[in-house]
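First comes the structure, then the notes that go with it.
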Amino acid sequence: MPDRNLGMDLVRVTEAAALAAARWVGRGDKIAADQAAVDAMRLMLSSVDMDGIVVIGEGEKDQAPMLYNGERVGTGRPPQVDIAVDPIDGTRLTAEGRPGALAVVAASERGTMFDPKHLVYMRKIAVGPEAKEVIDIRDTVENNLKRIAKALGKSVSEVTVMVLDRPRHKDLIAEIRATGARIRLIMDGDVAAAITAAMPDTGIDVLMGIGGSPEAVVAAAALKCLDGGFQAMLWPRNEEEKRLAEERGLDIHQVLTIDDLIRSDNVFFALTGITTGELVAGVKYTRQGAITESLQMRSRSGTIRRIRALHRWDKLMRISQVPYRGNGEKGD
């Protein structure tokens, strides 16, 4: 008999987080938005039949609200799984009402997710299935883009690279432009960017640059489901982080492949849009409630589902403790 698709339960988790966070879209309060998403995600995770341990809990690098590493989630019943969460991939996007914010959860068999510990940044490169065999994060930008272009049947000038708009990427951006490739700069959200690079017909061919380590593991889970390519290397910001890496047995020179980051072929992944972006539509309010759009994926089956859900406040608020309406102030 087919085993259970845990991802279908995880969609309810990301829907709840997205609906809770959407109350804060454009209000300029990153912390309140993140807290709302975390609280909703924690509550809904507690209802899922699984024995989960949070291995990747977003929030450590920026002191944001978080589901913490080592936290137990679920009902405690089998299966035993590792959990990676990003209640809001793009807190600033949410706070400023910009496109592309997501709520994200991934799960895999217990003991299979890479733990970057306190090394909070990684260099990354992500591509789709056609180019996954030709990337090498140790090689030059030019050589990688030439091989990716060839694998895609394009010229380098037709390749589009997504890069986080950060001062640390000044040299990377210059190298990409020197090849003639196009660049799409983004403010935040490199989980979404990695997925966009691996999905067909998005117009994005590759993600390059330095971003969060938790996001790298979450992205690797998604790309396992998409049969994409992903490589990363730990990026210590200073000598203190180099020393910490050595003490904890982490090799900063190791190329971490998608199979190093997620050592499982049975991965479940779900995301729901908070604000409309490249992948999914954001939360849209109606007179009766709200509409969400989600992606749910599983690596073992290769199935990718796009789920559009209508949520009715009059019914939902009777059975849920999540404050989906208003902003918690009196009179809302």
Side-chain angles (χ1 to χ4, degrees), residues 11 14-15 17-19 21-22 25-26 33 37 58 86-106 124-132 135 145 148-149 152 154 158-166 169 172-173 176 181-212 214-216 218-230 269-284 290-297 304-309:
V11 169
T14 57
E15 285 175 345
L19 287 167
V25 168
E58 173 63 5
D86 199 345
I88 301 181
D89 179 41
T91 51
R92 180 167 57 156
L93 303 178
T94 301
E96 296 182 4
R98 296 179 182 272
L102 305 171
V104 179
V105 175
K124 310 172 189 179
I125 183 169
V127 293
E130 300 88 349
K132 67 178 183 177
I135 56 173
L145 291 181
I148 291 167
L152 296 176
K154 299 181 175 182
E158 296 174 306
V159 171
T160 301
V161 186
M162 194 168 269
V163 181
L164 277 170
D165 190 1
R166 298 289 188 275
H169 289 148
L172 172 62
I173 290 168
I176 295 170
R182 297 182 291 232
I183 294 178
R184 176 86 63 85
L185 291 174
I186 55 172
M187 288 182 58
D188 290 294
D190 64 344
V191 172
I195 298 170
T196 302
M199 293 278 284
D201 304 322
T202 63
I204 303 300
D205 301 302
V206 54
L207 165 72
M208 287 183 168
I210 297 163
E215 290 90 342
V218 175
L223 268 68
K224 260 285 178 86
C225 299
L226 292 165
D227 197 28
F230 191 86
F269 185 90
L271 66 82
T272 301
I274 300 170
T275 59
T276 298
E278 304 273 357
L279 293 172
V280 289
V283 174
K284 180 180 179 181
I291 297 169
T292 57
E293 187 174 13
S294 305
L295 288 178
Q296 187 273 312
M297 303 184 279
I304 301 170
R305 291 180 172 88
R306 188 174 293 272
I307 300 169
R308 187 175 185 268

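What you are looking at is a predicted structure, and each value in this text was computed from that prediction instead of being measured. What's counted below: heavy atoms across the whole structure, side chains too, no hydrogens, waters or symmetry copies.
- Counting heavy atoms from C-beta on, the side chains of Ile173 and Leu185 come closer than 4.5 Å.
- Contact detail for Ala194 and Ala219: the closest heavy-atom pair is CB-CB, 3.7 Å.
- Among Leu226, Val104, Thr272, Val280, the single residue meeting the side-chain contact (heavy atoms from CB on, under 4.5 Å) criterion with Leu295 is Val280.
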Exercise for the section: For the pair Asp188 and Thr91, evaluate side-chain contact (heavy atoms from CB on, under 4.5 Å) and give the outcome as yes or no after the intermediate values. Expected result: CA-CA 8 Å; Asp188 290 294; Thr91 51; over 6 Å; no
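- Residues that satisfy the salt bridge (charged side-chain N to carboxylate O under 4.0 Å, His left out) test with Glu96, not counting sequence neighbours, are Arg98.
- Without hydrogens or angle criteria, Thr275 side chain to Gly100 main chain gives a donor-acceptor distance under 3.5 Å.
- Taking CG of Leu102 as the start and CG of Leu271 as the end, the distance is 5.5 Å to the nearest 0.5 Å.
- Contact record, Ala126 with Phe230: CB-CD1, 3.5 Å, taken as the closest heavy-atom pair.
- Note that the NZ atom of Lys132 and the CG atom of Asp227 stand 3.0 Å from one another [nearest 0.5 Å].
- Here the side chains of Met208 and Val127 are not in contact, with every heavy-atom distance at 4.5 Å or above.
- Counting heavy atoms from C-beta outward, Ile204 and Arg184 have side chains that approach closer than 4.5 Å.
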Handout entry: Steps toward side-chain contact (heavy atoms from CB on, under 4.5 Å) verdict (Lys124, Glu215)
Key = CA-CA 10 Å; Lys124 310 172 189 179; Glu215 290 90 342; 3.8 Å; yes
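- The minimum heavy-atom distance linking Ala290 with Leu19 is given by the pair CB-CD2, 3.8 Å.
- Side-chain N or O atoms of Asp89 include one that pairs as donor or acceptor with a backbone N or O of Ala192 at under 3.5 Å.
- The shortest non-hydrogen separation linking Ala197 to Leu207 is CB-N, 3.8 Å.
- Paired with Val25 under the rule side-chain contact (heavy atoms from CB on, under 4.5 Å), one option of Val283, Ile274, Leu93 passes, and it is Ile274.
- Judged as a side chain to side chain donor-acceptor pair (under 3.5 Å), the pairs with a partner in residues 192-208 (not counting sequence neighbours) are, in order, Lys154-Asp205.
- Between Ile135 and Val206 the shortest side-chain heavy-atom distance does not fall below 4.5 Å.
- With hydrogens and angles ignored, the 3.5 Å screen pairs a side-chain donor or acceptor of Thr276 with a backbone N or O of Gly282.
- For the pair Arg166 (side chain) and Met187 (backbone), a donor-acceptor distance under 3.5 Å is present.
- Across Gly229 and Leu223, no two heavy atoms sit closer than the pair O-CD2, 3.3 Å.
- Residues Arg305 and Val11 have side chains not in contact (no heavy-atom distance under 4.5 Å, counting atoms from C-beta outward).
- Looking at every heavy atom in both residues, Ser294 comes nearest to Glu15 through OG-CG, 3.8 Å.
- Paired with Glu293 under the rule salt bridge (Lys or Arg N to Asp or Glu O under 4.0 Å), one option of Lys284, Arg306, Arg308 passes, and it is Arg306.
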